[in-house]
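What you see is a predicted model; the values in this text were computed from it and never measured.
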Amino acid sequence: MNRGRSRAWLFAALTLLTIALLLLHESGAIKPLEDAAQVALDPIQRALSSLFNGLGEAFDVFRDLRELRERNEQLQTLNDELITENVRLKEIEAENITLRSLLNFRQENPIYLTQAAAIIFRDPSPYRQFVTINAGRREGLEAGMPVITAGSALVGRISEVGLASSKVQLVIDSTSAINVRIQSSRVSGLAEGQPDAGLVMTQIPLDATANVGDIVLTSGLGGNLPRALVVGQVTEVTHRDIDLFQSAILRPAVDFNRLELVLVITDFEELPVEPEIEPTVTPTPSPLP
């Protein structure tokens, strides 16, 4: 009860004080006091004003940073998309260049029947130079068929055939040997793969001409390969008088590390075997009696 009366008296006193201050303010009696209070409180007001302004600017900076971060994330996403698209377009361009070259081979050699294929596996062994392509019996492939790539460059020959894939023995395999001819001098020999995945032309006669830079082509001898497929280029010639033949190191025409697309020649015109010319024997006339 006493607490209630005290609150009532306090409320009444505050009300009377407020009314009195209003009357004094209206009459100007306390203006000097108000001015003094304003002067005293002015630094505090300015400090509070600067504080609130600083907080506002901080919030503005935070908002700008957040918007900038979101914008950067959008630009980074767009940049990643453009990079991916650029890589894809370059890949398509490179593939189209190879496909155009293979198409040119088809157009320039209409007598050949071909089947396009892609490399799907590479033999990891350093001693076996084979790749697997995604075409097989289903596409009419058979063992022994030649495989080429852009620029009529010889890749190798099919060694094994499955239903939907085939294994190709590369010309640089150590068990590969093909009949070749030097383009300029028409000298024949064998292009043999080496254990280190190199390529050497052997059985070049000692009196034959073989020079660095010469282009080596398939000769067509034996009938198992078309003529004039590019095998490689001579980079070094070995000629010793004690040997029965010369040999030449070849740089293969194919970059096997970048090989992706190939053509399998499924049918071609074989080189006709030239008949041997029998020597003409002139009969010795009988002596006169």
Side-chain angles (χ1 to χ4, degrees), residues 87-88 90-106 109 112-180 190-202 215-220 222 224-233 235 249-268:
V87 170
R88 188 182 70 85
K90 285 185 176 180
E91 186 68 16
I92 292 175
E93 180 183 3
E95 186 172 310
N96 285 339
I97 291 174
T98 303
L99 289 174
R100 282 196 297 269
S101 180
L102 296 178
L103 180 61
N104 290 338
F105 177 85
R106 282 180 167 179
N109 299 273
Y112 295 158
L113 298 180
T114 59
Q115 171 64 48
I119 306 297
I120 58 175
F121 180 75
R122 300 175 188 272
D123 196 319
S125 172
Y127 306 107
R128 289 171 53 84
Q129 302 298 325
F130 288 82
V131 296
T132 302
I133 59 176
N134 63 347
R137 287 194 303 272
R138 188 174 57 188
E139 288 76 23
L141 304 191
E142 298 177 1
M145 288 180 172
V147 181
I148 66 168
T149 188
S152 303
L154 181 64
V155 173
R157 287 178 288 192
I158 293 180
S159 60
E160 298 178 20
V161 181
L163 178 62
S165 64
S166 300
K167 182 178 286 187
V168 179
Q169 180 191 40
L170 305 181
V171 295
I172 56 175
D173 183 69
S174 59
T175 61
S176 171
I178 57 177
N179 292 303
V180 294
L190 282 178
E192 301 179 353
Q194 303 298 302
D196 61 352
L199 189 62
V200 174
M201 181 176 176
T202 63
I215 302 299
V216 176
L217 310 174
T218 54
S219 64
N224 54 2
L225 285 174
R227 288 175 290 185
L229 299 178
V230 184
V231 177
Q233 186 176 28
T235 60
I249 298 176
L250 306 181
R251 181 174 64 246
V254 178
D255 185 348
F256 295 101
N257 292 324
R258 298 184 179 181
L259 186 63
E260 296 179 355
L261 302 175
V262 297
L263 279 182
V264 181
I265 301 178
T266 58
D267 191 19
F268 60 92

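In this structure, Ser176 contributes its side chain and Gly193 its backbone to no donor-acceptor pair below 3.5 Å. Within the 3.5 Å criterion, the main-chain N or O of Ile133 finds no donor-acceptor partner in the side chain of Ser166. Side-chain atoms of Thr218 come within 3.5 Å of backbone atoms of Pro226 as a donor-acceptor pair (strictly under, hydrogens ignored).
Of the inter-residue distances, the one linking Ser152 atom OG with Ile265 atom CD1 reads 8.0 Å to the nearest 0.5 angstrom. In this structure, CD1 in Ile158 is found 11.0 Å from OG1 in Thr132, a value given to the nearest 0.5 Å. Taking CG of Leu259 as the start and CD1 of Ile119 as the end, the distance is 4.5 Å to the nearest 0.5 Å. The line from OH of Tyr127 to CG of Asp196 is 11.0 Å long, rounded to the nearest 0.5 Å. For the atom pair Leu229 CG and Ile148 CD1, the distance stands at 6.0 Å (nearest 0.5 Å). The distance from atom CG of Leu263 to atom CE of Met145, rounded to the nearest 0.5 Å, is 13.0 Å.
Taking the side chain as every heavy atom from C-beta outward, Leu217 and Val230 approach each other to under 4.5 Å. Between Leu190 and Ile178 there is no side-chain heavy-atom pair separated by less than 4.5 Å. Side-chain atoms of Val264 and Glu139, non-hydrogen and from C-beta on, never get closer than 4.5 Å to each other. Annotation: side chain of Phe121 is not in contact with side chain of Ser165 (no heavy-atom distance under 4.5 Å). Taking the side chain as every heavy atom from C-beta outward, Leu250 and Val200 never approach each other to under 4.5 Å.
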**Request:** Apply side-chain contact (heavy atoms from CB on, under 4.5 Å) to Val254 and Leu170, showing your working.
**Result:** CA-CA 10 Å; Val254 178; Leu170 305 181; over 6 Å; no

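In this structure, the salt bridge (Lys or Arg N to Asp or Glu O under 4.0 Å) partners of Asp255, at least two apart in sequence or on a different chain, are Arg258.
Nearest heavy-atom pair across Asp123 and Ser125 is OD1-N, 3.0 Å. Here the shortest heavy-atom pairing between Gln169 and Ser159 reads N-OG, 4.1 Å. Minimum heavy-atom separation, Phe256 to Arg122: O-NH1, 2.6 Å. Among all heavy-atom pairs drawn from Val147 and Val262, the shortest one is CG1-CB, 3.6 Å. Contact detail for Thr266 and Gln115: the closest heavy-atom pair is CG2-CB, 4.2 Å. Ala164 approaches Arg138 most closely through the heavy-atom pair CB-NH2, 3.4 Å.
Checking Thr202, Val171, Thr175, Asp173 one by one against Glu192, the side chain to side chain contact (heavy atoms under 4.5 Å, CB included) holds for a single residue, Thr202.
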